[in-house]
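Quick notes on the structure that follows.
Note that these values count all heavy atoms, side chains included, but never hydrogens, waters or copies made by symmetry.
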Amino acid sequence: MINFAKFEIIGRIGEIDAKPKVTNISVCANYRRRAEGDQWIEDSYWNRVVIFSDGQRKYIDEKAQVGDLVRIAGRLRDTSYERDGTTHYTTDRIVEEFGVLAAKVA
């Protein structure tokens with residue numbers, strides 16, 4: 001039996017930060033939630049994902065741009081690091097699937 005932790009995001013690209021061996025992308029997903037007075041409001045949340053695959057990084061460089069609607073799926077990985085004597089904990093979203101669903105709206 002294989003155990004795993006996965007994520008899926010459908011949202012719009014806010015930033016693409018390509019470095020020599022990794023690309024980081026921030027993606028905005030919108031959620032509806034009930035506010036005071038029984039009204040629904042949009043609650044936007046920015047998710048940061050990391051891409052290591054050279055093939056996916058090339059696809060993103062050639063096809064994706066800020067504002068595009070994308071579908072991203074992958075695995076979650078918890079990590080920790082020490083800084084100034086304090087342990088910091090993070091959850092990495094490592095991309096395994098990436099696709100542009102629609103180009104940005106002009």
Side-chain angles (χ1 to χ4, degrees):
M1 182 165 133
I2 297 175
N3 300 312
F4 59 90
K6 296 189 93 58
F7 74 91
E8 180 178 28
I9 302 169
I10 296 177
R12 294 212 177 261
I13 296 175
E15 178 184 34
I16 301 173
D17 181 16
K19 294 185 163 84
K21 296 190 179 206
V22 65
T23 298
N24 292 297
I25 297 179
S26 61
V27 180
C28 184
N30 297 317
Y31 303 90
R32 293 191 55 161
R33 66 179 175 87
R34 192 175 298 246
E36 292 182 31
D38 226 16
Q39 298 209 2
W40 288 93
I41 61 171
E42 294 257 339
D43 190 11
S44 300
Y45 184 79
W46 288 94
N47 300 274
R48 192 155 181 84
V49 300
V50 61
I51 300 101
F52 293 108
S53 164
D54 290 336
Q56 287 176 335
R57 294 179 68 233
K58 182 178 181 198
Y59 173 82
I60 290 164
D61 184 50
E62 294 174 355
K63 305 285 185 188
Q65 61 181 329
V66 171
D68 286 353
L69 181 66
V70 294
R71 179 193 171 272
I72 301 171
R75 59 189 167 92
L76 299 170
R77 179 178 66 189
D78 288 338
T79 58
S80 64
Y81 62 92
E82 296 279 333
R83 183 186 307 159
D84 300 326
T86 304
T87 303
H88 299 269
Y89 298 93
T90 65
T91 299
D92 299 323
R93 295 174 192 95
I94 301 169
V95 175
E96 295 176 336
E97 302 171 26
F98 183 96
V100 175
L101 300 176
K104 75 176 182 176
V105 179

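Around the CD atom of Glu42, the shell of radius 6.0 Å holds more than 12 heavy atoms that belong to other residues, nucleotides or ligands. The number of heavy atoms from other shown groups lying within 6.0 Å of NZ (Lys58) does not exceed 12.
Linking Ile, Leu, Val, Met, Phe, Trp and Tyr residues whenever their side-chain heavy atoms come within less than 4.5 Å leaves Val95 and Trp46 in two separate clusters. Connection of Ile72 to Val50 is not established within any shared hydrophobic cluster, with ILVMFWY side chains joined at heavy-atom distances below 4.5 Å, either directly or through further cluster members. Connection of Ile9 to Ile25 is established within a shared hydrophobic cluster, with ILVMFWY side chains joined at heavy-atom distances below 4.5 Å, either directly or through further cluster members.
Distance alone, capped at 3.5 Å, is enough to place a donor-acceptor pair between the Ser26 side chain and the Glu15 backbone. Counting only distance, with no hydrogens or angles, the side chain of Arg93 and the backbone of Arg48 share a donor-acceptor pair below 3.5 Å.
Arg77 CZ to Thr90 OG1: the interatomic distance, rounded to the nearest 0.5 Å, is 8.5 Å. The distance from the CG atom of Asp54 to the OG1 atom of Thr23 is 9.0 Å, given to the nearest 0.5 Å. Atom CD1 of Ile51 is separated from atom CD1 of Ile60 by 4.0 Å, given to the nearest 0.5 angstrom. Note that CG of Asn30 is 12.0 Å distant from CD1 of Ile10, once rounded to the nearest 0.5 Å.
Relative orientation of the Tyr81 and His88 rings is parallel, given thresholds of 30° and 60° on the angle between their planes.
Considering every non-hydrogen atom in both Phe52 and Ile94, the closest pair reads CD1-CG2, 4.0 Å. Considering every non-hydrogen atom in both Trp40 and Arg34, the closest pair reads CZ2-NH2, 3.1 Å.
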Output side-chain donor-acceptor pairs under 3.5 Å for residues 62-71, partner residues at least two apart or in another chain, one line each.
residue : atom : partner : partner atom : Å
Asp68   : OD1  : Lys104  : N            : 2.8
Asp68   : OD2  : Gln65   : N            : 2.9
Arg71   : NE   : Glu8    : OE2          : 2.7
Arg71   : NH1  : Glu97   : OE1          : 2.9
Arg71   : NH2  : Glu8    : OE2          : 3.2
Arg71   : NH2  : Glu97   : OE1          : 3.3

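Listed by chain and residue number, nothing satisfies the ring pair (Phe, Tyr, Trp, His ring centres under 6.0 Å) test with Phe4 (two or more places apart in sequence, or in another chain).
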Phe98 vs Val49, side-chain contact (heavy atoms from CB on, under 4.5 Å): CA-CA, chis, key distance, verdict: CA-CA 11 Å; Phe98 183 96; Val49 300; over 6 Å; no
